[in-house]
Amino acid sequence: MKSKTFAQAIDMALAQAMADDPNIIILGEDVQMLRVNLFSRFGRDRVRNTPISESAFVGAAVTAAMAGLKPVVEVMLVDFIGVAMDAILNHAAKVNSFSGGKWQVPLVIRAACGGGYGDGGQHQQSLWGWLAHIPGIMVVVPSNPADAGGLMLTALEHAGPVIYLEHKLLADYWLDYMGIGDRKTVTFDVPPNGARGPVPDKLSPVPPGKAAVRQKGSDISLVGVGVGVHRCLQAAGSLKTKGVAAEVIDLRSVSPLDIKAICESAEKTGRVLVVDEDYREFGLSGECAAVIMEAGIRAKYARVCTNDTIPYSRDLEEKTLPNTERIISAALSLMS
Amino acid sequence: MQPDLWELYSLMYKSRLFEQAVKKLWNDGKISGEMHLAIGEEAVAAGIVSHLKEGDAMALDHRGTPQMLMRGVDPVSLLCELLGKPEGLCGGMGGHMHLFSEQHLAASSGIVGSSGPAAVGFALAAQHLRPGAVAVAFFGEGAMNQGMMMESMNLAATWKLPVLFVCKDSKIAITTVSSSVTSGSLFNRAKSFNIPAKEIDGTDVEMIWLAAHKAIDEARRGEGPSFLLAHCSRPEGHFLGDPLIRITKNPLKEMKDMAPALLKSILKPKGAAVRERTESLSSVTSILGQTTKAQFFNFNDPLDMTRKELKSDKNRLEQLEEKIEQEIKQIVINALNGNTDNKKAVT
């Protein structure tokens, strides 16, 4: 175990996998600079810069994967995935079904996601619920360095298409590019244990669809992914001083969803609060409620999500994204 | 018709000082997120926007502050928007990449290439509702490889829409040298849609004004779209704090973090052959060294060129510059105070 940054752990996982499997290639905008360590070791054929042509290179990555390669295709920010949506929605996600389960698309789509640094609503979305809505796609959202590495290996080992989302408050280089820009005059609410943490010397994959209980508790279940997990842990600390024992569940993957972990916790505490940086309606938070109801569990339920387009202004953004105060207040309402 | 160089210089100088003020406010931490300045592109903006009138539309990219300013958007509310204030043009909801002014039919987007379809739609509405009006799309050369940009050109040409496609060619898209990911010439690409195209020095505001005059005039008369390929550089990089510029300006400091991991990775067993690894390394150093220097430091300033022509009337030039400097100072003060009502005092 060594302490590594979130970004170093992803690089490490990719290096480990690329050394073992020559069919793994990286392609995307600026990847020769963004992944300079991998570029210098694996060369230009395996780390390919693309033009700003998402619909073409994501679409091409789908069939490259069908024909034997294992592409890790980068679209920079998940917001930009809109341009390539047809390749994902109508192709990557469908090929396995259309072929009667006979043809696989072992593709990883990697993108930065999330807000909290004042960059506006076209660069700070989460979108994991929107993407996970499509059958046939795995969507993973790590919350710490060990999982960032582990889930990248999970994604690379998975037989089908995976969307791998790294939050910009956790991946230091993204925050540096997009938020800090070499300034000492700006501050961000970066979860320290998410941005840096212990990483095993040799990474192994996280089982797909397996949540992690980050803190045990018996009064209320706080469920989230990515940065949301850290906001939950922080809220759980405050709730403890008010005599409330919160359980914190890190889903780690949005699809497949660890229904068992959600239901077990819901059954135990009888109160579920979903914290989701993605949009509130028709997404992960509603899905969590649905699986609990489908299991016939009686639990009180609430959610703290992003309800609207993310504002540019830091003040407005702070109120829009789930924050610890909103989580505490929603948790206390569920307790009363 | 000939351009009024005084007017154009005034637009460019005001935009330059405005963006320099933005740079300072960003450095002071008063503006959040990324900041894509258009310093170096002022001649393209001024030479084109100065032709626009009521009913004309602008589709802008992530670098559209000068166009908004030159089109007549209240500068205090524009700066308030960048500062994320409720008094801002969009109430602090948009920021510099998402500037909108319905009054000016001006819309921006941070999605590369999206100004193509946006301009086509504005032009379609013009064809129906405002005959004689035009729409301008501003974008970088990186956007020319987006499918939607090429689709937009085809649509505009097929429907003879009044669109002026303006490509600001800086030769580099973030850290990717555009020629390394672009086949053929952009000029010929536009021509292949039967769109009249002109390649132009993007620092020569007079030439840009003349080219735009012809293209916009034709569009107003229903003769369809045109394409302008304007070469210009952006010395501030892709955005403020651009890592390429940081490394080039301060290699020892920046490489201290980068070099050990790079060295370790390049020496690892399993991977590409030594020759390929060396090639990767030299490609990285080339981007960091020569390319970056050429792109950012050999800056051909569009303001200098015009200023030289106006220097013969030194007094008038000094007075004009002094007036604009005072104006910008007042805009910054008013914006920091959220004082948009005071705009009358500064115009």
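Lettering follows sequence order; numbering is per chain, from 1.
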K.L.:
Would you say NZ of A:Lys94 has more than 12 non-hydrogen atoms from neighbouring residues, nucleotides or ligands within 6.0 angstrom?
P.N.:
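Count over threshold, so yes.
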K.L.:
Of all heavy-atom pairs between A:Phe42 and B:Glu276, which one has the smallest distance, and what is that distance?
P.N.:
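Here A:Phe42 and B:Glu276 meet closest at O-OE1, 4.3 Å.
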K.L.:
Could you tell me which of B:Gly88, B:Ser178, B:Ala261, B:Gly147 has the largest number of non-hydrogen atom pairs under 4.5 Å with chain A?
P.N.:
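Sorted descending by pairs with chain A, the first entry is B:Ala261.
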K.L.:
Please evaluate residues A:Ile52 and B:Met149 with respect to the criterion side-chain contact (heavy atoms from CB on, under 4.5 Å), reporting the C-alpha separation (whole Å), side-chain torsions for both, the decisive distance (0.1 Å), and the verdict.
P.N.:
CA-CA 11 Å; A:Ile52 308 171; B:Met149 184 57 74; over 6 Å; no
K.L.:
Report the C-alpha distance between B:Ile111 and A:Gln122 in whole Å, list the side-chain angles of each, state the deciding distance to 0.1 Å, and finish with yes or no for side-chain contact (heavy atoms from CB on, under 4.5 Å).
P.N.:
CA-CA 8 Å; B:Ile111 304 299; A:Gln122 221 177 38; 3.7 Å; yes
K.L.:
Evaluate whether atom CD of B:Glu102 has more than 12 neighbouring non-hydrogen atoms of other residues, nucleotides or ligands under 6.0 angstrom away.
P.N.:
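Incorrect, the count does not exceed 12.
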K.L.:
If the threshold is 4.0 Å, N to carboxylate O, is there a salt bridge linking A:Asp182 and B:Lys249?
P.N.:
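No.
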K.L.:
Against chain B, label A:Arg183 side chain, backbone, both or neither, depending on which of its atoms sit under 4.5 Å from a heavy atom there.
P.N.:
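The side chain, not the backbone.
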K.L.:
Assess the residue pair B:Ser283 and A:Phe39 against the criterion (side-chain contact (heavy atoms from CB on, under 4.5 Å)); give the C-alpha distance rounded to whole Å, side-chain angles, the decisive distance to 0.1 Å, and a yes or no.
P.N.:
CA-CA 10 Å; B:Ser283 137; A:Phe39 173 50; 3.6 Å; yes
K.L.:
Can you name the closest pair of heavy atoms from A:Ile180 and B:Trp26 and give their distance?
P.N.:
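Smallest heavy-atom distance, with atoms named: O-CH2, 3.9 Å.
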K.L.:
Can you see which heavy atom on B:Val284 is nearest to which on A:Met33, and at what distance?
P.N.:
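Nearest pair, atom of B:Val284 first, then A:Met33: CG1-SD, 4.3 Å.
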K.L.:
Output yes when a side-chain donor or acceptor of B:Ser32 lies under 3.5 Å from a complementary backbone atom of A:Gly118, and no otherwise.
P.N.:
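Yes.
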K.L.:
Return the minimal non-hydrogen interatomic distance between B:Pro243 and A:Tyr177, and the atom names on each side.
P.N.:
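That would be CG-CE2, 3.3 Å.
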K.L.:
Does any N or O in the side chain of A:Tyr117 come within less than 3.5 Å of the main-chain N or O of B:Glu34, such that one atom is a donor and the other an acceptor?
P.N.:
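No, the answer is negative, given that no donor and acceptor are paired below the 3.5 Å cut-off.
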K.L.:
Chain B heavy atoms under 4.5 Å from A:Leu77: which part of the residue, side chain, backbone, both or neither?
P.N.:
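For A:Leu77, no heavy atom lies under 4.5 Å from chain B.
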K.L.:
Which bit of A:Met18 is near chain B, if near means a heavy-atom gap under 4.5 Å: side chain, backbone, both or neither?
P.N.:
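No part of it gets close to chain B.
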K.L.:
Chain B heavy atoms under 4.5 Å from A:Met76: which part of the residue, side chain, backbone, both or neither?
P.N.:
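Contact with chain B is through the side chain of A:Met76 alone.
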K.L.:
Is a side-chain donor or acceptor of A:Arg41 paired with a backbone partner of B:Leu262 at a separation under 3.5 angstrom?
P.N.:
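Between the backbone of B:Leu262 and the side chain of A:Arg41 there is no qualifying donor-acceptor contact (under 3.5 Å).
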K.L.:
Would you mind checking which part of A:Val83 comes under 4.5 Å of any heavy atom in chain B, side chain (CB onward), backbone (N, CA, C, O), both or neither?
P.N.:
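Side chain only.
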K.L.:
Any donor-acceptor pair under 3.5 Å linking the side chain of A:Asp30 with the backbone of B:Thr175?
P.N.:
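Looks like yes, one N/O pair under 3.5 Å.
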K.L.:
Heavy-atom pairs under 4.5 Å with chain A - which of B:Gly241, B:Ser280, B:Ser114, B:Ala272 has more of them than the others?
P.N.:
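The option with the most such pairs is B:Ser280.
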